[in-house]
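Working notes, structure below.
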Amino acid sequence: RAQKDELEKIKQYYETSKEEELKLLDKPEQFLYELSQIPNFAERAQCIIFQSVFSEGITSVHRKVDVITRASKDLLDMESVKEILGLILAFGNYMNGGNRTRGQADGFGLEILPKLKDVKSRDNGINLVDYVVIYYLRHFDKDAGTDKSIFPLPEPQDFFQASQVKFEDLVKDLRKLKRDLEACEKQ
């Protein structure tokens, strides 16, 4: 868009010049003059630009929500996830079994899962993650060792993508889209 002073000069030239002289005006100045003749051009341009980026913005938010939804559903619905968490619970409860000085500590918090690899056997030959995997393959996976055996957890890439999504960013993106939509409707 032309600056206010530029537009004034171009309009003044149009008003004071003859038709042959107007043809001598450069294309950019002619273009800026033509744009100035369109009613509410700035508002219209903003709405057109918003329309072009709105679907892209909604698609981006939808993709992020879909990643979280897919990972969450997999965690809730996959029977093998429940079996693995059950094994971790059973082994943890066994290891934390009560004695006369300490009571039984049943259960675990999810924050402990990354630390399972640090729990070693007495001879440091195996960690708890390895033991859970071996036990699962021996007692739960009928197809272990064959081509039919499948990974019992959701895809690690799905977890990674879901972990990268920040809910604050989603809320901020949606609020910005809403503000821009309301401004466009108002204009």
Side-chain angles (χ1 to χ4, degrees), residues 46-185:
Q46 274 185 307
C47 287
I48 291 170
I49 291 169
F50 174 71
Q51 282 178 329
S52 68
V53 298
F54 179 77
S55 63
E56 182 181 315
I58 289 292
T59 302
S60 172
V61 169
H62 187 293
R63 210 173 317 126
K64 292 174 184 176
V65 170
D66 191 43
V67 164
I68 292 172
T69 302
R70 189 172 54 248
S72 299
K73 280 188 177 198
D74 285 347
L75 284 173
L76 290 172
D77 297 342
M78 289 179 76
E79 196 61 36
S80 55
V81 171
K82 295 173 188 171
E83 292 167 346
I84 290 171
L85 291 176
L87 287 174
I88 294 168
L89 177 65
F91 297 148
N93 287 347
Y94 178 78
M95 290 187 307
N96 290 331
N99 57 33
R100 293 187 195 276
T101 57
R102 286 184 21 190
Q104 178 81 19
D106 291 336
F108 66 90
L110 294 178
E111 72 279 354
I112 199 73
L113 291 177
K115 299 175 186 173
L116 294 180
K117 67 183 180 316
D118 299 331
V119 178
K120 308 264 186 193
S121 62
R122 285 187 185 160
D123 63 354
N124 284 334
I126 191 170
N127 65 34
L128 187 54
V129 172
D130 295 335
Y131 188 74
V132 169
V133 170
I134 291 167
Y135 193 92
Y136 180 84
L137 290 174
R138 283 190 187 148
H139 296 89
F140 288 90
D141 190 356
K142 316 181 272 289
D143 300 320
T146 68
D147 291 345
K148 294 179 183 177
S149 181
I150 59 168
F151 187 64
L153 298 173
E155 286 298 319
Q157 184 64 23
D158 291 344
F159 282 131
F160 176 74
Q161 287 178 342
S163 72
Q164 300 303 306
V165 176
K166 293 181 176 52
F167 286 104
E168 298 84 28
D169 292 345
L170 286 177
V171 170
K172 191 177 2 171
D173 291 347
L174 287 172
R175 283 188 180 142
K176 183 180 180 335
L177 286 171
K178 182 181 178 188
R179 248 189 341 265
D180 292 348
L181 179 61
E182 288 171 350
C184 192
E185 285 175 339

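Computed from a prediction, not measured in an experiment: that's the story for all the values here.
- Looking at heavy atoms from C-beta onward, Phe159 lies in side-chain contact with Leu75 at the 4.5 angstrom threshold.
- Between the CD1 atom of Ile68 and the CD atom of Gln164 there is a distance of 11.0 Å, given to the nearest 0.5 Å.
- Between the OG atom in Ser80 and the CD1 atom in Ile150 there is a gap of 6.5 Å [rounded to 0.5 Å].
- Heavy-atom contacts from other residues, nucleotides or ligands closer than 6.0 Å to CG of Asp123 number more than 12.
- One finds no salt bridge joining Arg70 and Asp74 here, because no Lys/Arg side-chain nitrogen approaches an Asp/Glu carboxylate oxygen to under 4.0 Å.
- For the pair Leu110 and Leu113, the minimum side-chain heavy-atom distance is below 4.5 Å.
- In the displayed structure, Phe151 atom CZ is contacted under 6.0 Å by more than 12 heavy atoms of other residues, nucleotides or ligands.
- Note on residues 124-145: pairs passing side-chain hydrogen bond (donor to acceptor under 3.5 Å, both in side chains), not counting sequence neighbours, are Asp141-Ser149.
- Once rounded to the nearest 0.5 Å, the distance linking CZ of Phe108 with CG of Leu85 reads 5.0 Å.
- Between the CG atom in Asp180 and the NZ atom in Lys178 there is a gap of 12.5 Å [rounded to 0.5 Å].
- Lys176 has its side chain within reach of Arg179: a pair of non-hydrogen atoms, C-beta onward, lies under 4.5 Å apart.
- We find that Lys64 and Asp169 are not joined by a salt bridge, their nearest charged nitrogen and carboxylate oxygen being 4.0 Å or further apart.
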Report the C-alpha distance between Leu153 and Val81 in whole Å, list the side-chain angles of each, state the deciding distance to 0.1 Å, and finish with yes or no for side-chain contact (heavy atoms from CB on, under 4.5 Å). CA-CA 6 Å; Leu153 298 173; Val81 171; 3.8 Å; yes
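- Side-chain atoms of Val119 and Met95, non-hydrogen and from C-beta on, do get closer than 4.5 Å to each other.
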In a table with atom names and distances, give each donor-acceptor pair under 3.5 Å that connects a side chain of residues 49-63 to protein atoms at least two apart or in another chain.
unit_1 : atom_1 : unit_2 : atom_2 : d
Ser52  : OG     : Ile49  : O      : 2.7
Thr59  : OG1    : Ser55  : O      : 2.7

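- Residues Val65 and Val165 fail the side-chain proximity criterion, which asks for heavy atoms closer than 4.5 Å.
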Tell me, with the steps shown, if Leu116 and Val132 meet side-chain contact (heavy atoms from CB on, under 4.5 Å). CA-CA 10 Å; Leu116 294 180; Val132 169; 5.7 Å; no
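- Inter-residue side-chain proximity for Pro152 and Ile84 is flagged as met; some heavy-atom pair is nearer than 4.5 Å.
- Considering CE of Met78 and NZ of Lys73, their distance stands at 14.5 Å, rounded to 0.5 Å.
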